[in-house]
Amino acid sequence: MSEYRSGFVALVGKPNVGKSTLVNALVGRPISITSSKPETTRRRILGVLHGEGYQIVLVDTPGLGSSHTLLGRKLRDMATAEGAEADMVAFVVDTTHYPTKEDREAAAVFADVKCPKVMIANKVDVHDNAEKVLPYLEAYSALGEFSQILPVSAQKLTNLDKFHELMLAAMPEGVPFFPPESLHDVDKRTRVEELIREQVLRSTRQELPHSVAVQVEDMKPGDTPGVTLIRAILYVERESQRRILIGKKGEMLKKLGMLARPLLEEELGGRVFLELWVKVKEGWRDRPDWLRALGYE
Ligand code: GDP
Ligand code: MG
């Protein structure tokens, strides 16, 4: 009988290369959130691949984005730490364009990790044949030492089985991290927060997204069976942003609630009563205590 195997795979790479899409495709149901705006994913969300005799924990790292604010630096530190602790680093790149400064920076962060490093060259579906992908693979392969460079499409599910095999091969002997029945509610609260935040990103303009954090204050069964009561706070940095989020006569907030509720109901499998509040926390992105309170620790 062979041994049980388990370990961590850190998915790293700059924002928008498709890390979340990849996790969702691998895990087979949406856990992380995708959006065309960078830095949607702001905290580590685990997806778990489990099969006969193994568990692979995918750490969907936040984008290695700007480090101008404390939040930016924290995200970077977290990503680095995850890389350091992982049994494998999967460096994801986007073959719709050539490497950028951000790719080089992201690659440099993980240059010295001891575990196996593979390059996942995503979005190959945009090229109509394999030959056209080659120059991109060549350019990206110059970014570091990779034991393998695997062209994939997270969207079209191309080569994901190969990726799965690569990860499995890198897993050490271990014990299950999660009981199988808990695999489907890996941090529901985080999922709820991200779903709400996603609606904020979709509904507001440029100036807002990065200044908004969502915190679920309360999430509990209501008096009516099958109903979940959720109270969430949207934190912004300035009064002007608070006004935008609330909108004229509360219209924006109402709209956000209407957009988020059906998604939450689908996620939680029942009816949801959603209460949204907007609060100003000046400069929250630069306050360590608030970052901790908002779960960025
Ligand atoms: P992340 O920031 O790295 O987590 O990237 P996301 O998963 O949020 O994806 C960023 C964008 O790339 C989204 O618009 C995705 O739909 C798109 N995307 C992701 N994977 C693929 C892919 O395999 N092919 C194509 N064409 N687009 C993709
Ligand atoms: Mg993401």
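Both counts, for ligands and for their atoms, begin at 1 and track the order of listing. Just so you know, these numbers come straight off a predicted model, no measurement behind them.
- Residue contacts with ligand 1 for N122 involve side-chain atoms from C-beta outward but no N, CA, C or O (heavy atoms, distance under 4.0 Å).
- Atom numbering of ligand 1 starts at 1 in the shown order; those under 4.0 Å from a heavy atom of P15 are 2 (O).
- Near D125, the atoms of ligand 1 lying under 4.0 angstrom from a non-hydrogen atom of the residue are 22 (C), 23 (O), 24 (N), 25 (C), 26 (N).
- Close approach of ligand 1 to K19 (heavy-atom distance below 4.0 Å) involves ligand atoms 1 (P), 2 (O), 3 (O), 4 (O), 5 (O), 7 (O).
- Distances between N or O atoms of G18 and those of ligand 1 include at least one value under 3.5 Å.
- In this structure, K123 does not pair ionically with D125, as no charged nitrogen and carboxylate oxygen lie closer than 4.0 Å.
- Residues satisfying the salt bridge (charged side-chain N to carboxylate O under 4.0 Å, His left out) test with R5, not counting sequence neighbours, are none.
- Side-chain contact of T228 with K220: a donor-acceptor pair under 3.5 Å is absent, judged by distance alone.
- Atoms of ligand 1 lying under 4.0 Å from any heavy atom of N16, numbered from 1 in the order shown and given with element: 1 (P), 2 (O), 3 (O), 5 (O), 10 (C), 12 (O).
- The distance from ligand 1 to the heavy atoms of A154 drops below 4.0 Å at these ligand atoms: 20 (N), 23 (O).
- L229 and V272 sit in two unconnected hydrophobic clusters of ILVMFWY residues. Membership requires side-chain heavy atoms under 4.5 Å apart, directly or through other members.
- Note: no N/O pair closer than 3.5 Å links V126 and ligand 1 by distance alone.
- Between K117 and S147, the closest side-chain pair of non-hydrogen atoms is not below 4.5 Å.
- Considering backbone and side-chain atoms alike, T21 places an N or O below 3.5 Å from some N or O of ligand 1.
- Using the six-membered ring where Trp is involved, H127 and Y136 have ring planes that are tilted, between 30° and 60° apart.
- One option in Q155, H127, K14 has a heavy atom closer to atom 25 (C) of ligand 1 than any other, and that option is Q155.
- A salt bridge links E239 with R243; the closest basic N to acidic carboxylate O contact falls under 4.0 Å.
- Applying the 4.0 Å criterion to heavy atoms of S153 picks out, from ligand 1, the atoms 23 (O).
- Of the charged side-chain nitrogens involved, at least one lies within less than 4.0 Å of a carboxylate oxygen, so that K101 and E105 count as a salt-bridged pair.
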